[in-house]
Number of protein chains: 2
Amino acid sequence: MDTAFKTFIDHFSTNYQLSDSSKAEICNHFSILHLDKKHVLIEENKRHDFAYFVVKGAVRSYYLKDGVEVNTWFALENDMAGSLHNFKDNPSRETLELVESSTLISINLKKIKALMLHNIQIAHFVNAIIEEYAFFLEDKIYFSQMMSSIDKYLILLDKEPQIFQRIPLTYIASYIGISRETLSRLRAK
Amino acid sequence: MDTAFKTFIDHFSTNYQLSDSSKAEICNHFSILHLDKKHVLIEENKRHDFAYFVVKGAVRSYYLKDGVEVNTWFALENDMAGSLHNFKDNPSRETLELVESSTLISINLKKIKALMLHNIQIAHFVNAIIEEYAFFLEDKIYFSQMMSSIDKYLILLDKEPQIFQRIPLTYIASYIGISRETLSRLRAK
DNA sequence: GAATTCATTTGACAAATGTCACAAAATCAT
DNA sequence: ATGATTTTGTGACATTTGTCAAATGAATTC
């Protein structure tokens, strides 16, 4: 099995049993992609049949608010990048765009959903991904309400220092929920 | 089967097949509770083996930020009330407290999780609940970033008018993410 | 490597919101 | 019912943050 496929599968199957044959079935619907910086993976308001796993590179997700981009998350190595709305057959609310030229695993959602229906191991695997996403969202809300802007900046800097080396501050400011000028002033201290 | 049990199960099993015997297995781990206003269902930082479904009444969830309560959600009739952290065997980050004297279904999480392992229908049922929660969290983030305070207030008023009749404005202000004084001033217009 | 585009910083000012203090209104308990 | 508690509203002021404008610095393209 491709090393990248194995990394991905192992990352989300620590709590459940996944047989070799189930792993092989999942991998049938994976492909490796090499795409350039600024490539748009998923467009806002469109249905899309694929989710992605970042092997190497960086992805951002944003939506438009009165013409201004609001960044919702960044995915680096070993992170998922996709839209839960797409998974549920709805149009994506966000645009997913590469911040760096990247190597990705693309995941055929329809095929995986078909497997989930009858293979309980695969159902557990996919649901572990959704659960992890729910935890991520809870954390995001928790920190957005619990912390001042400075604390949000310092915590992000502490927990995800790579982001500051690879993602423009303009995007990070929007992710934290402040203007880029305000972030710049916070950093000046 | 108890009518309340049926309402609960039907609400989360519209997209998947659930046999009568699976339904019966799930219901084995349900109970009906009648509890008074201000009763604490789940305490912050504690592990807890139950989740709840509101048959009649109102629940709020909050955590403490420097001694001040930050309200995260309200559950009314036919809503779930629980902690995803508890479901994953971790301490809850939030306190769940009754805003009104309520009738609830209590759900034994350990028992349901055991059923999920081998019954794919029950796995799909539980995961539908978690998925719905992830959608709820996404919406919450989306609206908190997309809308001005006034718009958040107006949208909440439009979409969930019952909340304003049953939940104190102090809690609602904290849910929207503004001080109670600011909410009071917004309402004055 | 020069030109162009993009990202970041800084200043000046306006707008939104928080905080503190207290008053008014509604609700609860005895 | 009435006193006590909780909830809501309002004023004055401080603080934070946003907005607009411009300058500087960094990166990319041809």
Side-chain angles (χ1 to χ4, degrees), chain A residues 35-40 57-58 60 62 64-71 74 95 97-102 143-157 161-189, chain B residues 35-40 57-58 60 62 64-71 74 95 97-102 143-157 161-189:
Chain A
L35 295 168
D36 286 341
K37 183 170 172 172
K38 299 212 174 163
H39 179 93
V40 172
R60 73 179 176 118
Y62 68 89
L64 292 176
K65 173 192 181 177
D66 307 326
V68 177
E69 293 176 359
V70 177
N71 288 265
F74 309 109
T95 297
E97 186 192 280
L98 299 193
V99 180
E100 302 172 354
S101 296
S102 307
F143 287 111
S144 80
Q145 293 188 316
M146 283 290 270
M147 308 292 171
S148 65
S149 297
I150 294 185
D151 288 342
K152 281 183 231 175
Y153 168 71
L154 290 173
I155 286 172
L156 192 63
L157 192 59
Q162 336 84 295
I163 286 189
F164 288 87
Q165 273 130 45
R166 297 168 61 182
I167 310 280
L169 288 172
T170 309
Y171 300 160
I172 296 177
S174 142
Y175 173 78
I176 292 179
I178 56 182
S179 69
R180 60 179 200 282
E181 292 95 336
T182 301
L183 177 59
S184 180
R185 282 174 188 121
L186 293 180
R187 281 162 61 82
K189 306 190 201 171
Chain B
L35 295 167
D36 285 342
K37 182 169 173 171
K38 298 209 174 164
H39 179 93
V40 172
R60 71 179 177 119
Y62 68 90
L64 292 176
K65 173 192 180 177
D66 307 327
V68 177
E69 292 176 0
V70 177
N71 289 264
F74 310 108
T95 297
E97 185 191 279
L98 299 193
V99 179
E100 301 173 354
S101 297
S102 306
F143 287 110
S144 81
Q145 294 188 316
M146 283 290 270
M147 307 292 171
S148 64
S149 297
I150 294 185
D151 289 341
K152 282 183 230 174
Y153 167 72
L154 291 174
I155 286 172
L156 191 63
L157 191 60
Q162 337 83 295
I163 285 190
F164 289 87
Q165 273 130 45
R166 298 167 62 181
I167 310 280
L169 288 172
T170 310
Y171 300 160
I172 295 176
S174 142
Y175 173 80
I176 292 178
I178 56 180
S179 68
R180 69 200 160 74
E181 291 93 336
T182 300
L183 178 57
S184 180
R185 281 174 190 123
L186 293 180
R187 281 162 60 81
K189 308 190 201 169

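Each chain gets a letter, A, B and so on, in the order the sequences are listed, and its residues count up from 1. All heavy atoms count here, side chains included; hydrogens, waters and symmetry mates do not. Keep in mind that this is a model prediction, so the values were computed, not measured.
His39(B) NE2 to Glu100(B) CD: the interatomic distance, rounded to the nearest 0.5 Å, is 15.5 Å.
Lys152(A) places its NZ atom 12 Å from the C1' atom of dT16(D), with the value rounded to the nearest Å. Spacing between atom OH of Tyr153(B) and atom P of dA16(C) amounts to 18 Å, rounded to whole angstrom units. Here dT16(D) presents its P atom at 13 Å from CG of Asp151(A), a figure rounded to the nearest Å. Rounded to an integer number of Å, the gap from CD1 of Ile150(B) to P of dA16(C) is 8 Å. A straight line from CD1 of Ile176(B) to C1' of dT17(C) spans 14 Å, rounded to a whole angstrom.
Using a 4.5 Å heavy-atom threshold, the side chains of Ile167(A) and Arg60(A) count as separate. Residues Tyr153(A) and Ile172(A) form no side-chain contact, since every pair of their non-hydrogen atoms from C-beta on lies 4.5 Å or further apart. Side-chain contact between Ser174(A) and Val68(A) is absent, with no heavy-atom pair separated by less than 4.5 Å. Under the 4.5 Å side-chain criterion, counting only non-hydrogen atoms from C-beta, Leu169(B) is in contact with Arg187(B). The side-chain heavy atoms of Glu69(A) and Leu64(A), taken from C-beta on, include a pair separated by under 4.5 Å.
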What are the atom names and distances for every N/O pair under 3.5 Å that joins the protein to nucleotides 23-30 of chain C?
none

Strictly under 3.5 Å: I want the nitrogen or oxygen pairs between protein and nucleotides 6-12 of chain C, one per line.
unit_1  : atom_1 : unit_2    : atom_2 : d
dT8(C)  : OP1    : Leu169(A) : N      : 2.9
dT8(C)  : OP2    : Leu169(A) : N      : 2.9
dT8(C)  : OP2    : Thr170(A) : N      : 2.9
dT8(C)  : OP2    : Thr170(A) : OG1    : 3.0
dT9(C)  : OP2    : Ser184(A) : OG     : 3.3
dT9(C)  : O5'    : Ser184(A) : OG     : 3.2
dG11(C) : N7     : Arg185(A) : NH2    : 2.6
dG11(C) : O6     : Arg185(A) : NH2    : 2.9
dA12(C) : N6     : Arg185(A) : NH2    : 3.3

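Side-chain atoms of Ser102(A) come within 3.5 Å of backbone atoms of Ala58(A) as a donor-acceptor pair (strictly under, hydrogens ignored).
Remark: aromatic rings of Phe74(A) and Tyr171(A) are distant, center separation not under 6.0 Å.
Residue contacts for Ser149(B): at a heavy-atom cut-off of 4.0 Å it reaches the sugar-phosphate backbone alone, with no base atom in range.
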